[in-house]
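Here is the structure we will look at, set down as structure tokens.
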Amino acid sequence: ILNISLICKLCYKIANSDIIWKEQCNILWLNKVYNPHNRIKCNYKSLYYRSIYLSKCNILSKDEISSFIWCGRFKHAAGSFYTDRCPWHQSRGCYVVNFHYNGLLYRYISR
């Protein structure tokens, strides 16, 4: 897409069009569980490159951690020590953890 933008002004306009970049973003985000970019106000080309950059990050920010409700359970591969105590394996729901921005942690079992 970017190489075509060097040909002429019309090609530049087309290659930088939000319509083109929106489709690229949709392809990039197709199988993603979470997409924070729908809350960000900027053009799709910027969002596309921001997604590529963030895909290489392995540290969560305080905002990211506190904006989710985290659910979990132990898999059978963890062994009976864990699965015997896991509410999921007792048909009681899964563990739910909510990290609040102020540092508080709420933990409960879903129903």
Side-chain angles (χ1 to χ4, degrees):
I1 293 174
L2 291 178
N3 290 338
I4 199 170
S5 70
L6 301 174
I7 296 172
C8 67
K9 289 181 182 181
L10 177 61
C11 290
Y12 178 84
K13 187 175 180 177
I14 292 169
N16 287 291
S17 159
D18 243 14
I19 295 169
I20 299 288
W21 288 103
K22 182 177 182 178
E23 183 59 28
Q24 293 301 309
C25 288
N26 288 335
I27 292 167
L28 185 64
W29 302 333
L30 185 62
N31 294 317
K32 303 298 185 267
V33 173
Y34 172 68
N35 178 7
H37 302 99
N38 57 1
R39 296 186 279 169
I40 299 170
K41 303 284 188 218
C42 66
N43 64 48
Y44 281 98
K45 181 178 176 182
S46 297
L47 290 177
Y48 180 84
Y49 283 106
R50 185 175 188 278
S51 291
I52 299 295
Y53 171 76
L54 290 177
S55 71
K56 295 169 179 51
C57 294
N58 59 2
I59 298 173
L60 294 173
S61 72
K62 199 173 186 179
D63 288 332
E64 290 169 320
I65 290 173
S66 62
S67 66
F68 289 103
I69 295 174
W70 300 81
C71 301
R73 65 176 180 88
F74 287 101
K75 294 185 177 183
H76 287 288
S80 63
F81 178 81
Y82 296 103
T83 57
D84 290 349
R85 292 161 181 80
C86 180
W88 178 266
H89 295 283
Q90 299 168 10
S91 300
R92 292 183 15 226
C94 62
Y95 287 114
V96 179
V97 179
N98 197 355
F99 298 94
H100 287 262
Y101 198 81
N102 61 7
L104 293 176
L105 171 73
Y106 295 97
R107 186 177 142 195
Y108 54 94
I109 298 171
S110 71
R111 299 280 174 210

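Basis for what follows: all heavy atoms, side chains included, without hydrogens, waters or symmetry-related copies. Residue numbers run from 1 in the order of the sequence given. Small disclaimer: the values here were computed from a predicted structure and weren't measured.
- Side-chain contact between Y48 and L28: present, with at least one pair of heavy atoms (C-beta onward) separated by less than 4.5 Å.
- Residues Y95 and R107 have side chains in contact (heavy-atom distance under 4.5 Å, counting atoms from C-beta outward).
- Annotation: the span from L104 atom CG to S66 atom OG amounts to 11.5 Å, rounded to 0.5 Å.
- Interatomic distance, N102 CG to K62 NZ, rounded to the nearest 0.5 Å: 8.0 Å.
- Proximity of a side-chain donor or acceptor of N98 to a complementary backbone N or O of I69 within less than 3.5 Å is not detected.
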| query | Given the rule in the side chain to side chain contact (heavy atoms under 4.5 Å, CB included) test, do Y49 and W21 qualify, once you have shown the distances and angles that lead to the verdict? | reply | CA-CA 10 Å; Y49 283 106; W21 288 103; 3.8 Å; yes
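- Using a 4.5 Å cut-off on side-chain heavy atoms (C-beta onward), W29 and S51 make contact.
- Taking hydrophobic clusters as Ile, Leu, Val, Met, Phe, Trp and Tyr residues chained together by side-chain heavy-atom distances below 4.5 Å, L47 shares a cluster with I52.
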Which atom pairs, one a donor and one an acceptor, fall under 3.5 Å between side chains of residues 72-84 and the rest of the protein, sequence neighbours left out?
| unit_1 | atom_1 | unit_2 | atom_2 | d |
| --- | --- | --- | --- | --- |
| T83 | OG1 | G79 | O | 3.1 |

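- E23 places no side-chain N or O within donor-acceptor distance of the main-chain N or O of I20, the cut-off being under 3.5 Å.
- Here the SG atom belonging to C25 is positioned 12.0 Å from the NZ atom belonging to K45, to the nearest 0.5 angstrom.
- Within the model, atoms CZ of R92 and SG of C94 stand 11.5 Å from one another, a figure rounded to the nearest 0.5 Å.
- Counting non-hydrogen atoms of other residues, nucleotides and ligands closer than 6.0 Å to CG of L105 gives a total above 12.
- Ring geometry for W70 versus F99: interplanar angle over 60°, hence perpendicular rather than tilted (30 to 60°).
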| task | Under the side chain to side chain contact (heavy atoms under 4.5 Å, CB included) rule, what do I14 and L10 come out as? Steps first, then yes or no, please. | result | CA-CA 6 Å; I14 292 169; L10 177 61; 4.0 Å; yes
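- The SG atom of C57 sits 8.5 Å away from atom CD of E64, with the distance rounded to the nearest 0.5 Å.
- In terms of heavy-atom proximity, Y101 sits nearest to D63 at CE1-OD1, 3.0 Å.
- For I19, the CD1 atom sits in a loose shell: 12 or fewer heavy atoms of surrounding residues, nucleotides or ligands are nearer than 6.0 Å.
- A distance of 4.5 Å separates CZ of R50 from CG of L54, quoted to the nearest 0.5 Å.
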